[in-house]
Asker: 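First the structure, which I've put down as structure tokens, then a few questions once you've had a look.
Every chain is numbered from 1, with letters handed out A, B, ... down the list of sequences.
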2 protein chains.
Amino acid sequence: MTQKKSSFQDIRDTVMARIQSRHWPPGSLLPTEVELAEEFGCARATVNRALRELADQGVVDRKRKSGTRVNAAPVKQAVFEIAVVRQSVEEMNAAYRYSLVKRTVITAPAWLRARIGVKDEAQVLHLNCMHYADNRPFQFEERWINIAAVPDVIDVDLSETGPNEWLLSQVPFSNAELTSTAIAAGETLSEFLDVPQGAPLFQMERTTWFQGTPVTFVRMTFHQGYQMRTRY
Amino acid sequence: MTQKKSSFQDIRDTVMARIQSRHWPPGSLLPTEVELAEEFGCARATVNRALRELADQGVVDRKRKSGTRVNAAPVKQAVFEIAVVRQSVEEMNAAYRYSLVKRTVITAPAWLRARIGVKDEAQVLHLNCMHYADNRPFQFEERWINIAAVPDVIDVDLSETGPNEWLLSQVPFSNAELTSTAIAAGETLSEFLDVPQGAPLFQMERTTWFQGTPVTFVRMTFHQGYQMRTRY
DNA sequence: TAGTGGTCTAGACCACCGC
DNA sequence: CGGTGGTCTAGACCACTAA
């Protein structure tokens, strides 16, 4: 009742603490915004912002008329950063080196057309690249770029900087779909990543769209022992 | 100038569109909130909310006095859901089955103490579990639970439901750190997951804290071919 | 239909920080 | 110092939806 706390962060944290302490157990109903505003001695908009953040976080569910309820089965979300290879390497205080292995223009094979959704005759730029950290293999990158989506790519010199950095400068703020999996090193990967054939490797695939049109599909295979980290 | 659009979502989307169309290229400065409010014919608070969402998304950077700037190197974030095993299996329309393989109480080994930060004499509950989808191996779970953090765990029957679901009911809204990697199946894993020794497997480790104290460390190894999916 | 959250407003004061 | 975003207020109207 008329506490001295007022900022939306105080309210957010206080409510969170009450939920964690089971003062408001999972599944229970919180007081209305008006009631909380009264208790905290602030405007309803301030309470609204606090509760909205908790809702975005997945801690509570809000519905008009029914009120704000503590989420019983919290859908936990983890956020991880999609770093450019160069950055991840440099953050390890390692020297980054890039090498373009292969560059060809082909018509999109059937599996790629199905995968990213381009037309039959679509021309794509197919690239193989290697990324090194302190001269040790870090990532093998195999990429296909939809030339129709970014025609300039044909004239870009990709021998010095990787395609990802150029693409980011061309189509920032794109959408993507990622999958991660474990695979066994085949002949090519074992050579480029310097591991025995059959070695377990962490592989990530990403399809990227810009304003609805597919731009690129990339398959990134990391050195043995690579770990992806994240928190929540 | 004095457009008819007014909602913060309209403003957010319009600004985003201008950024994508390079009307405001990466690195450039946006008009001030007051100017935008004037253009859109709305209150400054509305513009503030729109720009704040774009800032949370990582699209723009905001600084007092300097203004709002289009992020040149967008730190892309991907969000993936931390699902309970049962849910992931059931979402595949497969029948879920759980089995407790082993349950022992031990004093925390040195590597675990270092890993999660508990005292030398700490007692932990060590569990091995299997999760099946349509009677095919889905995930092998090896878990250590800090008994001091959740004393009740000693008396809980974990033969029917997995420890994760019980823990979630006890300490919802905890913090965690995750790592994902690819490993080769050893003897135990090859037996439980029914794969050849040396098969590449996707493994995720998670350490969980509740209000600052370590609760559990779990190592989850998935069936061969498992893919983790995410979008942004 | 009535109760709840969702949003907007016009104004205000403050905190930060580049100049 | 002054300009910019960060936040709060008191009030208003609207949109959804459970009863």
Asker: Any side-chain heavy-atom pair from B:R206 and B:N164 closer than 4.5 angstrom?
Answerer: yes
Asker: Measure from the side chain of B:T32, starting at C-beta and using heavy atoms only, and say which of C:dC8, C:dT4, D:dT4 lies closest.
Answerer: D:dT4
Asker: In whole angstrom, what separates B:R52's CZ from D:dT7's P?
Answerer: 7 Å
Asker: Does atom CZ (A:R229) have a neighbourhood of more than 12 heavy atoms from anything else shown, all under 6.0 Å?
Answerer: no
Asker: Closest to the B:S66 side chain: D:dT9, C:dG18, D:dC8?
Answerer: C:dG18
Asker: Rounded to whole Å, how long is the line connecting atom CG of B:L30 with atom P of D:dT4?
Answerer: 13 Å
Asker: Where each residue is assigned the nucleotide of DNA chain D containing its nearest heavy atom, which of A:K63 and B:K63 is assigned the position nearer the 5′ end?
Answerer: B:K63
Asker: Return whichever of A:A45 or A:T68 has its heavy-atom-nearest nucleotide of DNA chain C closer to the 5' end.
Answerer: A:T68
Asker: Does a side-chain N or O of B:R62 approach OP1 or OP2 of D:dG6 to a distance below 4.0 Å, or not?
Answerer: yes
Asker: Scan A:R49 against the nucleic acid and name what it touches under 4.0 Å (heavy atoms): base, sugar-phosphate only, or nothing.
Answerer: sugar-phosphate
Asker: Give a yes/no on whether any side-chain N or O of B:T46 is located under 4.0 angstrom from OP1 or OP2 of C:dT9.
Answerer: yes
Asker: Once hydrogens and angles are ignored, does a donor-acceptor distance under 3.5 Å link the base of D:dG2 to the side chain of B:R64?
Answerer: no
Asker: Determine, for A:R52 against A:E33, whether the closest basic-nitrogen to carboxylate-oxygen distance falls under 4.0 angstrom.
Answerer: no
Asker: What integer distance in Å separates B:F8:CZ from C:dT9:C1'?
Answerer: 15 Å
Asker: Looking at A:R136, I want to see if its CZ is surrounded by more than 12 non-hydrogen atoms of other residues, nucleotides or ligands under 6.0 Å.
Answerer: no
Asker: Whole angstroms only, please: what is the CD-C1' distance between A:E33 and C:dG6?
Answerer: 8 Å
Asker: Taking the side chain of A:K65 as heavy atoms from C-beta outward, which of D:dA10, C:dA2, C:dG6 is closest to it?
Answerer: C:dA2
Asker: Ring centroids only, cut at 6.0 angstrom: are A:Y96 and A:F138 within range, meaning strictly under it?
Answerer: no
Asker: Between B:E53 (CD) and D:dG5 (P), how many Å, whole number?
Answerer: 17 Å
Asker: Starting from C1' on C:dG5, measure out to CG on A:L51 and report it in whole angstrom.
Answerer: 10 Å
Asker: Could you tell me the separation between the CG atom of B:L54 and the P atom of D:dG6, rounded to a whole number of Å?
Answerer: 12 Å
Asker: Counting the atoms with a prime plus P, OP1 and OP2 as sugar-phosphate, which does A:Q9 contact under 4.0 Å by heavy atoms, base, sugar-phosphate, or nothing?
Answerer: sugar-phosphate
Asker: Is A:N48 close enough to C:dG6 that one of its side-chain N or O atoms is under 4.0 Å from OP1 or OP2 there?
Answerer: yes
Asker: Could you check how far CZ of B:R44 sits from P of D:dT9, rounded to whole Å?
Answerer: 16 Å
